[in-house]
Amino acid sequence: MPKTEEQYQEIRDQKRKLIMEAALELFAEKGFATTSINLIAKKAGISKGLIYNYFESKDELITTIINIGFEDFLSIIDLNRVTPLTDEEFVNYINQTINLLKTNLHFYKLYFQIMGQPEVLKLVENKLMELIMPFMIMMSTYFETKGHENPMAYSRFFGAMLDGVFLNYVVDPDNFPIDEVKDIIIKKFI
């Protein structure tokens, strides 16, 4: 019996996901510059040519991975909300963010590598800023409701602090006390 269009689409979606997972792992472990399309194909168990059916280039592949990773990170909370975050929503956001970090270690390892590689950062920085600025504004509004004189500075500090926590966890996930640090973050900002 011939496959339906839906079945073909599911197969395409699975192949695309397989390619992205293999690339993410390799980019995170070996770096973007040293990971070839051949290596990604081998890791994914597919031909090099098949990758080009899904992605025009390695640049498009990393851009897609980063965009999806940040969309996942920012989907935890509604950035288009009209009311400031409540303390309960803030705590929920921190809990979900730490859970996302724990379950997507390769993505965050890749993120920190990209931050240190200007040529790769250029590929994704516009999209990153497009995604991050609404988050910063939302957090600024939250800190404003907490009575801080310079809520955008608090928002930037909060983002930088999260980056530091994430980086320390990525470097040493087995020993970094992430749950205890999460509790400290909540206590500090509530």
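Just so it is clear, the values below take in all heavy atoms, side chains as well, and ignore hydrogens, waters and symmetry mates.
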Self-check item: Hphob cluster co-occupancy, Phe32 + Tyr52, side-chain heavy atoms under 4.5 angstrom
Solution: yes
Exercise. Verify side chain to side chain contact (heavy atoms under 4.5 Å, CB included) between Phe55 and Thr64, making sure each step is shown before the conclusion.
Key: CA-CA 9 Å; Phe55 301 96; Thr64 302; 3.9 Å; yes
Quiz item: Would the number of heavy atoms belonging to other residues, nucleotides or ligands and lying under 6.0 Å from CD of Glu6 be above 12?
Solution: no
Exercise. Determine whether Ile68 and Met115 fall in the same hydrophobic cluster, where Ile, Leu, Val, Met, Phe, Trp and Tyr are linked whenever their side-chain heavy atoms lie under 4.5 Å apart.
Key: yes
Practice problem: Any salt bridge (charged side-chain N to carboxylate O under 4.0 Å, His left out) involving residues 147-175? Give me the pairs, sequence neighbours left out, ordered by first then second residue. | Solution: none
Practice problem: Would you mind reporting whether Ile185 and Leu162 have side-chain heavy atoms less than 4.5 Å apart? | Solution: yes
Exercise. Check whether Ile11 and Ile19 end up in the same hydrophobic cluster, where Ile, Leu, Val, Met, Phe, Trp and Tyr are linked by side-chain heavy atoms less than 4.5 Å apart.
Key: no
Quiz item: With side chains defined as the heavy atoms from C-beta onward, is the minimum distance between Phe189 and Lys146 less than 4.5 Å?
Solution: no
Distance-only donor-acceptor hits, side chain of residues 37-48, under 3.5 Å, sequence neighbours excluded:
unit_1 : atom_1 : unit_2 : atom_2 : d
Lys43  : NZ     : Glu25  : OE2    : 3.0
Ser47  : OG     : Leu50  : N      : 3.2

Self-check item: Phe107 ring center near Phe70 ring center (under 6.0 Å)
Solution: yes
Quiz prompt | Worked check of side chain to side chain contact (heavy atoms under 4.5 Å, CB included) between Ile62 and Leu110 | solution = CA-CA 10 Å; Ile62 196 166; Leu110 175 61; 4.1 Å; yes
Quiz prompt | OG1 on Thr86 to CG on Asn92, rounded to 0.5 Å | solution = 9.0 Å
Self-check item: Distance, nearest 0.5 Å, that separates CD1 of Ile186 from NZ of Lys188
Solution: 14.5 Å
Practice problem: Nearest 0.5 Å please: distance from the CG atom of Asn104 over to the OH atom of Tyr111. | Solution: 14.5 Å
Practice problem: Sequence neighbours left out, what passes side chain to side chain contact (heavy atoms under 4.5 Å, CB included) with Phe176? Give chain and number order. | Solution: Val165, Asn168, Tyr169, Ile178, Val181
Self-check item: Phe166 side chain near Ile98 side chain, heavy-atom distance below 4.5 Å
Solution: yes
Quiz item: Does Lys182 NZ have over 12 foreign heavy atoms under 6.0 Å away?
Solution: yes
Quiz item: Any side-chain heavy-atom pair from Tyr142 and Asp87 closer than 4.5 angstrom?
Solution: yes
Quiz item: Which pairs pass salt bridge (charged side-chain N to carboxylate O under 4.0 Å, His left out) with one or both residues in residues 94-112, sequence neighbours excluded?
Solution: Glu29-Lys109, Lys102-Asp179
Quiz item: Can you name the nearest heavy-atom pair linking Tyr108 to Leu100, along with the distance?
Solution: OH-CD2, 3.7 Å
Quiz item: Do Thr83 and Thr141 come close enough that some side-chain heavy atom pair is under 4.5 Å?
Solution: no
Exercise. Determine, stepwise, if the pair Tyr54 / Met20 fulfils side chain to side chain contact (heavy atoms under 4.5 Å, CB included).
Key: CA-CA 10 Å; Tyr54 295 92; Met20 288 192 306; over 6 Å; no
Quiz item: What are the two closest non-hydrogen atoms of Ser155 and Met139, and how far apart are they?
Solution: OG-CB, 3.4 Å
Self-check item: Separation between CG of Leu18 and NZ of Lys15, rounded to the nearest 0.5 Å
Solution: 6.0 Å
Quiz prompt | Euclidean distance, Asn150 CG relative to His148 NE2, rounded to 0.5 Å | solution = 10.5 Å
Exercise. Can you run down the salt bridge (charged side-chain N to carboxylate O under 4.0 Å, His left out) pairs that involve residues 51-62, sequence neighbours left out, and say none if there aren't any?
Key: none
Quiz item: Hey, what do you get for CG (Leu101) to OG1 (Thr97), rounding to the nearest 0.5 Å?
Solution: 9.0 Å
Practice problem: For side chain to side chain contact (heavy atoms under 4.5 Å, CB included), just list the numbers for Arg81 and Glu89, CA-CA rounded to whole Å, side-chain angles, deciding distance to a tenth of an Å, and then say yes or no. | Solution: CA-CA 12 Å; Arg81 59 187 301 120; Glu89 290 169 324; 2.7 Å; yes
Below 3.5 Å, can you tabulate the donor-acceptor pairs from side chains in residues 116-138 to any protein atom, sequence neighbours excluded?
unit_1 : atom_1 : unit_2 : atom_2 : d
Gln117 : NE2    : Gln113 : O      : 3.2
Lys127 : NZ     : Glu130 : OE2    : 3.3

Quiz item: Is it true that the side chains of Gln9 and Asp13 contain a donor and an acceptor less than 3.5 Å apart?
Solution: yes
